[in-house]
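Reviewing the structure listed below.
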Amino acid sequence: MNYALLTSKSKLPDVKTTIFTTVGTLARKHNAIDLSQGFPNFDADPKLLSLVTDAMESGHNQYAPMPGYLGLREVISEKIETLHNHRYNPENEITVTVGATQAIYTAITAFIGLGDEVIVIKPAYDCYEPAIALNGGKAIYVQLNAPDYTIDWSDFKEKISNRTKMVIINTPHNPSGKILSKQDMLMLQELLKPTNSILLSDEVYEHIIFDGETHHSASRFKDLAERSFICASFGKTFHVTGWKIGYCAAPAELMNEFRKVHQFAVFCVDHPVQRALAMYLKNTAHYLELNNFYQQKRDFFLNGIKASRFKFTPSQGTYFQLLDYTDITMENDESLGKRLIVDHRLASIPISSFNIKNRNDHMLRFCFAKKQDTLEKAIEILCSF
Ligand SMILES: Cc1ncc(COP(=O)(O)O)c(C=O)c1O
């Protein structure tokens with residue numbers, strides 16, 4: 001077997017070990033407090049766990065229907081209609097997926113072919129570009145402004161052409177913690193109106209929004225909803241990232257193509273978990289109280305580091321907070337991130353690798369979805385740095 005010949009034709013020649021793996025490995029080696037990767041270190045609601053056990057004990061252990069358990073799709077449809085005033089038909093406009101990642105991969109695979117352009121807004125979550133590349137598409141980048149991570153709509157407008165098959169947005173935004181405002185969404189709607197571009201709206205942090213702000217889902221805007229895939233994640237909302245379960249909502253014509261790929265990639269998703277989620281979602285407090293829950297964590301973290309030399313603009317959404325270290329050092333973020341782990345035993349994510357040409361914004365990303373004592377230890381380190 002000539003492995004060298006095979007791998008020299010890698011379909012993803014530019015993909016290297018991700019920053020999450022690199023940082024995670026170093027953090028474990030140095031026994032660091034880990035605020036790098038985006039997952040909670042506390043347990044999910046025991047009620048949800050026992051609903052899964054109930055579903056298993058009641059015998060829901062065989063394949064679920066291909067698009068997902070209808071009871072779950074119905075409650076998702078009600079949730080979106082109540083929150084965003086747009087109805088998706090649970091029969092043919094909602095599909096349950098293996099996390100948002102599969103929803104994103106499937107939507108891209110269903111529509112992107114050789115030479116199709118996809119607008120990606122940087123810094124971007126890292127699963128978009130490999131999916132575009134594997135399908136022969138081409139990512140066209142729009143870089144958010146620094147240090148406020150606003151979008152330059154004139155740059156965006158210049159990047160749109162008749163080759164633009166898809167635009168990917170993410171609100172609330174990982175890693176910046178910014179949300180797209182109503183004005184942003186209206187501008188996007190205006191710019192996409194004359195085009196035939198699909199919008200892929202990654203809304204995995206839809207229920208983690210602070211200071212009374214609103215999540216402006218693409219489903220709220222009629223002309224956007226008509227062209228959008230809305231991708232969501234129960235892992236993020238219910239502290240169960242390891243379950244890898246989410247969903248995708250889109251108009252029937254788009255969803256029909258999506259399901260053609262979905263049925264041969266995964267066919268269907270964990271059945272007992274779907275049954276449990278369908279019951280759990282009926283109590284709206286289970287997701288509507290998440291804003292307060294995480295706002296308290298954000299505020300605790302930010303109050304704690306007020307006395308430090310790090311500067312910040314409070315995150316508007318997500319469970320991430322960027323800290324600006326320009327009052328401490330002008331070294332690049334990867335070098336400071338490494339130093340924080342090795343010398344101070346605190347792990348964060350340098351965000352330059354998510355920017356165009358690794359632009360260094362002198363920011364580190366910290367995940368505050370952590371227990372109180374983990375946050376206290378992190379605060380102590382940041383204040384003494
Ligand atoms: C912006 C964004 N999109 C998608 C995902 C993936 O979500 P899931 O774990 O449901 O696949 C993540 C996870 O970190 C994310 O931050």
Side-chain angles (χ1 to χ4, degrees), residues 18-21 23-24 34-41 44 48 68 72 76 94-109 118-132 139 144 149 151 166-180 199-209 215-218 228-249 258 262 265-266 269-270 273-274 277 281 287 290 294 315-322 347-349 351 353-355 365-370:
T18 73
I19 189 76
F20 300 107
T21 308
V23 167
D34 196 352
L35 266 53
S36 63
Q37 250 192 318
F39 59 83
N41 71 345
L48 177 58
L72 177 56
I76 292 169
I94 293 172
T95 301
V96 181
T97 57
V98 184
T101 308
Q102 186 237 316
I104 292 163
Y105 188 82
T106 303
I108 291 172
T109 302
V118 182
I119 294 190
V120 175
I121 296 169
K122 302 284 273 181
Y125 184 62
D126 61 356
C127 79
Y128 311 144
E129 290 150 77
I132 296 165
L144 292 177
Y149 297 95
I151 184 158
M166 186 179 273
V167 170
I168 303 181
I169 58 166
N170 169 217
T171 184
H173 182 246
N174 173 12
S176 72
K178 279 287 277 197
I179 55 175
L180 289 176
L199 179 67
L200 194 161
S201 188
D202 178 348
E203 303 185 9
V204 297
Y205 300 102
E206 61 184 323
H207 297 299
I208 313 181
I209 298 247
H215 170 53
H216 297 288
S217 169
S228 291
F229 281 102
I230 313 286
C231 301
S233 169
F234 292 119
K236 302 290 181 190
T237 302
F238 296 132
H239 320 312
V240 287
T241 57
W243 289 5
K244 287 301 278 189
I245 182 161
Y247 64 88
C248 187
F258 179 99
H262 175 80
V266 291
V269 176
D270 189 308
V273 167
Q274 292 194 56
L277 285 168
L281 276 162
Y287 49 89
L290 204 60
Y294 273 122
S315 171
Q316 296 178 306
T318 75
Y319 43 49
F320 301 114
Q321 177 65 51
L322 289 185
S348 58
I349 293 288
I351 63 159
S353 56
F354 304 116
N355 280 330
R365 190 199 77 176
F366 293 83
C367 172
F368 53 81
K370 304 293 167 191

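Throughout, residue positions are numbered sequentially from 1 according to the sequence presented. Whatever order the structure lists them in is the order used to number ligands and atoms, beginning at 1.
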Among protein heavy atoms, which lies nearest [atom], and at what distance?
| atom | answer |
| --- | --- |
| atom 1 (C) of ligand 1 | Asp202 OD2, 3.3 Å |
| atom 9 (O) of ligand 1 | Lys244 NZ, 3.2 Å |
| atom 6 (C) of ligand 1 | Thr101 OG1, 3.3 Å |

- Item | Test: Lys244 cationic atom under 6.0 Å from Phe234 six-membered ring centre, within 45° of axis | no
Touching ligand 1 at all, [X]? Heavy atoms, strictly under 4.0 Å?
| X | answer |
| --- | --- |
| Phe234 | no |
| Lys236 | yes |
| Thr241 | no |

Using a 3.5 Å cut-off on N or O atoms only, is [X] in polar contact with ligand 1?
| X | value |
| --- | --- |
| Asn170 | no |
| Ala100 | yes |
| Tyr128 | no |

- Indicate the atoms forming the closest heavy-atom contact of Thr237 with Leu290, along with that distance. O-CD2, 3.4 Å
- Looking only at heavy atoms, the pair that brings Val96 and His262 closest together is O-CE1, 3.4 Å
- Note on the structure: Looking at Tyr125, Phe20, Trp243, the heavy atom closest to atom 4 (C) of ligand 1 belongs to Tyr125
- Who gets closest to atom 16 (O) of ligand 1 by heavy atom: Tyr105, Phe39, Phe320, Tyr205? Tyr205
- If only atom types and distance count, is the side chain of Thr171 paired as donor or acceptor with the main-chain N or O of His173 below 3.5 Å? no
- Item | Any donor-acceptor pair under 3.5 Å from Arg365 side chain to Gln321 backbone | no
- For ligand 1, which atoms have a heavy atom of Gly99 less than 4.0 angstrom away? 10 (O), 11 (O)
- Message: Using a 4.0 Å cut-off to any heavy atom of Ser233, which atoms of ligand 1 qualify?
- Response: 8 (P), 10 (O)
- Message: Assess, by modelled atom type and distance only, whether the side chains of Thr106 and Thr109 contain a donor and an acceptor separated by less than 3.5 Å.
- Response: no
- With Phe320, which of Pro175, Ser348, Cys367 fulfils side-chain contact (heavy atoms from CB on, under 4.5 Å)? Cys367
- Measuring from Ile230:CD1 to Leu199:CG, what's the distance to the nearest 0.5 Å? 7.0 Å
- Ring centroid separation for Phe20 and Phe354, is it under 6.0 angstrom? yes
